[in-house]
Amino acid sequence: MNPIIYHTDVAVIGAGTAGLAAYRQSIAQGASTLIIEGGPYGTTCARVGCMPSKLLIAAADAHHALGRLHAFGIDLPMPATIDGERVMARVRSERDRFVGFVLDGVNNIPAEHKIRGYAQFNDAHTLTVNLESGGQATIHAKSIVIASGSTPVIPEILKPAGDRVVINDDVFSCPTLPKSVLVLGAGVIGLELGQALSYLGVRVTLLGRNNGIGHLSDPVVRESALNIMQHSIDFQSNAQLESVERTTHGVQVNYIDDAGQAQSHEYDYVLATTGRTINLDNLNFKALNIATQPSGVPAFDRHTLQIEHSHLFIAGDVNADVPLLHEAADEGAIAGANAARLAQGQAIESGHRRSPLAVIFSEPNIATAGCMYRELNLNTTAAGEVDFGDQGRSRVMQVNQGVLRVYGDINTGRFLGAEMIGPRTEHIAHLLAWSHQMGLTVTQMLAMPFYHPVIEEGLRTALRGLAANIANKNVIAPVCAHEVVGD
Ligand SMILES: Cc1cc2nc3c(=O)[nH]c(=O)nc-3n(C[C@H](O)[C@H](O)[C@H](O)COP(=O)(O)OP(=O)(O)OC[C@H]3O[C@@H](n4cnc5c(N)ncnc54)[C@H](O)[C@@H]3O)c2cc1C
Ligand SMILES: NC(=O)c1ccc[n+]([C@@H]2O[C@H](COP(=O)([O-])OP(=O)(O)OC[C@H]3O[C@@H](n4cnc5c(N)ncnc54)[C@H](O)[C@@H]3O)[C@@H](O)[C@H]2O)c1
């Protein structure tokens with residue numbers, strides 16, 4: 001059967017968050033545009049990412065909050081009963097609602113613009129798609145946006161566990177809560193899902209390595225976060241996984257714990273949260289002979305999303321720049337508009353990029369805004385700090401744990417960034433990212449209103465300390481320049 005031939009200005013590979021944004025912008029620029037999707041419609045974020053994970057976390061936090069009632073003088077019959085099937089049914093039904101909104105958007109795209117099947121490069125202007133409906137399509141495009149996302153990595157050492165190794169996608173499709181899970185990898189997903197499952201009564205062990213925790217790099221904040229998380233769940237932050245073995249009912253896991261002791265325990269499942277790999281190989285990208293960096297990503301301009309000296313654009317998780325939802329949406333929009341401009345003989349433009357902001361929805365939240373500690377010049381940077389243990393409103397609500405550290409430039413007085421673990425710091429992180437993007441000085445930030453009594457008063461304490469250290473040129477360097485970790 002002869003392939004169906006298409007000629008288009010722009011082809012977008014992947015109908016995730018970045019791809020859909022690229023499609024919309026390309027159309028808005030007046031370019032003929034095709035969008036190719038190999039997997040299910042609905043986006044990673046809505047189907048198996050941001051939304052179902054936050055739904056599971058919401059149930060977990062609701063249960064965990066019961067533990068605080070007694071200190072307020074309120075007693076319920078404890079332990080509370082957790083109906084795993086109902087917990088997971090709500091996760092899925094609410095998740096499906098969010099997916100439904102995405103599907104409505106996809107349904108509004110004219111059928112002739114949508115191609116179902118996995119795309120591969122033939123050459124830099126030609127894609128082949130093995131159509132889901134059978135047969136092949138050949139697409140000749142003036143510009144191409146690569147928005148193919150990323151896929152979870154399953155380390156070789158977990159392979160003997162066979163069908164008992166699961167990834168985030170599988171967690172949300174479980175009809176009920178498992179009894180026990182070994183979570184490997186203390187990154188963002190491991191912390192969020194590991195703690196949520198544990199708070200829902202699942203026996204969880206989280207294995208980390210090198211005392212890393214999420215993306216934190218400030219030694220003070222990291223130590224606080226390790227301490228809090230280790231009191232919250234069974235978290236071995238400096239563990240060594242030795243082997244796993246499929247048993248009749250689950251997986252036998254052998255590891256060395258933080259105390260250097262050999263441990264061997266059986267779990268229902270092993271959840272791999274050891275990072276994600278970019279989806280470029282499945283596009284036959286190598287056929288283009290474009291040089292890639294050690295990360296596997298070709299050199300590209302993060303303001304235009306253009307792969308150097310080409311008509312190719314790369315947006316979302318697949319470029320491994322900042323694999324977060326709002327960044328994928330921004331990148332897709334910039335890439336789609338530029339792909340359309342280039343295809344129509346116009347000059348491409350730099351798009352707006354926002355100040356860095358990242359939140360781990362653990363309890364308490366872990367967050368970073370602006371520059372991270374590991375990116376600072378510690379010889380010209382001062383820090384300020386608040387310990388939420390003594391913070392008024394946090395104590396009132398019994399959520400008084402964590403540390404916030406803010407950084408400022410001793411020469412300009414400008415706010416540089418922050419790392420934190422603390423109560424509802426998802427909100428403080430926003431205030432700080434906005435301040436960073438506006439280029440505010442610490443003095444200007446302190447001139448803003450702070451209500452009483454609120455958790456943000458803790459931020460004011462940290463900023464006051466920072467302002468004093470800036471005035472005294474009291475830099476971070478001598479104290480902890482040698483303590484930065486991270487992998
Ligand atoms: C468990 C989890 C929780 C998360 N939580 C958050 C959060 O709270 N906040 C946040 O900001 N971010 C979160 N993220 C990250 C966020 O989901 C991603 O950054 C975002 O979804 C990336 O969007 P994307 O468009 O790059 O990729 P995707 O949405 O994955 O889209 C890529 C699409 O390309 C398709 N594709 C791949 N190869 C081909 C091919 N050859 N041909 C055709 N189609 C192809 C795929 O099927 C897929 O549909 C989370 C991620 C996970 C996994
Ligand atoms: N709240 C959010 O915004 C949110 C939530 C979930 C995911 N995400 C996005 O998804 C991305 C992927 O998340 P992730 O948690 O899979 O990746 P990650 O890179 O955040 O964490 C992976 C962790 O696994 C560890 N690791 C790797 N191999 C290991 C091994 N063999 N043994 C022990 N530990 C090992 C790494 O040291 C790292 O700490 C994140 O970078 C983030 O951008 C965001």
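First listed ligand is number 1; within each ligand, the first listed atom is number 1. Bear in mind that the values here come from a model prediction, so they are computed numbers and not experimental data.
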*ligand 2 and Gly214, any nitrogen or oxygen pair closer than 3.5 angstrom?*
no

*Please determine if Gly275 has a nitrogen or oxygen closer than 3.5 Å to a nitrogen or oxygen of ligand 2.*
yes

*Could you name the option among Gly149, Ala328, Ala358 that has the heavy atom nearest to atom 23 (O) of ligand 1?*
Ala328

*Please report the closest heavy-atom contact between Leu207 and Leu241, naming both atoms and the distance.*
CD1-CD1, 4.1 Å

_Is there a polar contact, in the sense of an N or O pair closer than 3.5 Å, between His326 and ligand 1?_
no

*State plainly whether the residues Arg353 and Glu327 are in salt-bridge range, i.e. N to O under 4.0 Å.*
yes

*Can you tell which part of His215 has a heavy atom less than 4.0 Å from ligand 2: side chain, backbone, both or neither?*
neither

*Give the atoms of ligand 1, by number and element, whose distance to some non-hydrogen atom of Ser53 is under 4.0 Å.*
3 (C)

*Any N/O of Ser150 closer than 3.5 Å to an N/O of ligand 1?*
no

*Before signing off on this row, confirm whether Arg209 and ligand 2 have an N or O atom pair separated by under 3.5 Å.*
yes

*Purely on distance, is any nitrogen or oxygen of Gly316 under 3.5 Å from one on ligand 1?*
no

*What part of Thr273, side chain, backbone, both or neither, has a heavy atom within less than 4.0 angstrom of ligand 2?*
backbone

*Give the single entry among Pro152, Cys50, Gly49 that approaches atom 14 (N) of ligand 1 most closely by any heavy atom.*
Cys50

*asked:* Tell me whether Lys286 is salt-bridged to Asp281, with the criterion being a basic N under 4.0 Å from an acidic carboxylate O.
replied: yes

*With a 4.0 Å cut-off on heavy atoms, does Lys54 reach ligand 1?*
yes

*Any idea which atoms of ligand 2 are less than 4.0 Å away from a heavy-atom of Val359?*
1 (N), 2 (C), 3 (O)

*Is there at least one pair of N or O atoms, one from Leu207 and one from ligand 2, spaced under 3.5 Å apart?*
no

*Under 4.0 Å from a heavy atom of Gly185: give me the atoms of ligand 2 that qualify, with their elements.*
24 (O), 25 (C), 34 (N)

*Quick one: which ligand 1 atoms are inside 4.0 Å of a heavy atom on Ala147?*
32 (C), 33 (C), 34 (O)

_Nitrogen or oxygen atoms of Pro323 and ligand 2 under 3.5 Å apart_ = yes

*Please could you name the atoms of ligand 2 that Phe361 approaches to less than 4.0 Å, counting only its heavy atoms?*
1 (N)

_Any nitrogen or oxygen of Val188, side chain or backbone, less than 3.5 Å from one on ligand 2?_
yes

*Do you know the tightest heavy-atom contact between Leu324 and Asp317?*
N-OD1, 4.0 Å

*Does even one non-hydrogen atom of Leu241 get within less than 4.0 Å of ligand 2?*
no

*asked:* Looking only at distances, can you tell me whether any N or O atom of Ala18, backbone or side chain, sits closer than 3.5 Å to an N or O atom of ligand 1?
replied: yes

*Please state whether Gln120 comes within less than 4.0 angstrom of ligand 1, counting heavy atoms only.*
no

*Examine Arg203 relative to Tyr267 and say whether NZ or CZ is less than 6.0 Å from the centre of the six-membered ring and inside a 45° cone about the ring axis.*
yes

_Sub-3.5 Å N/O-N/O distance, Asn279 and ligand 1_ = no

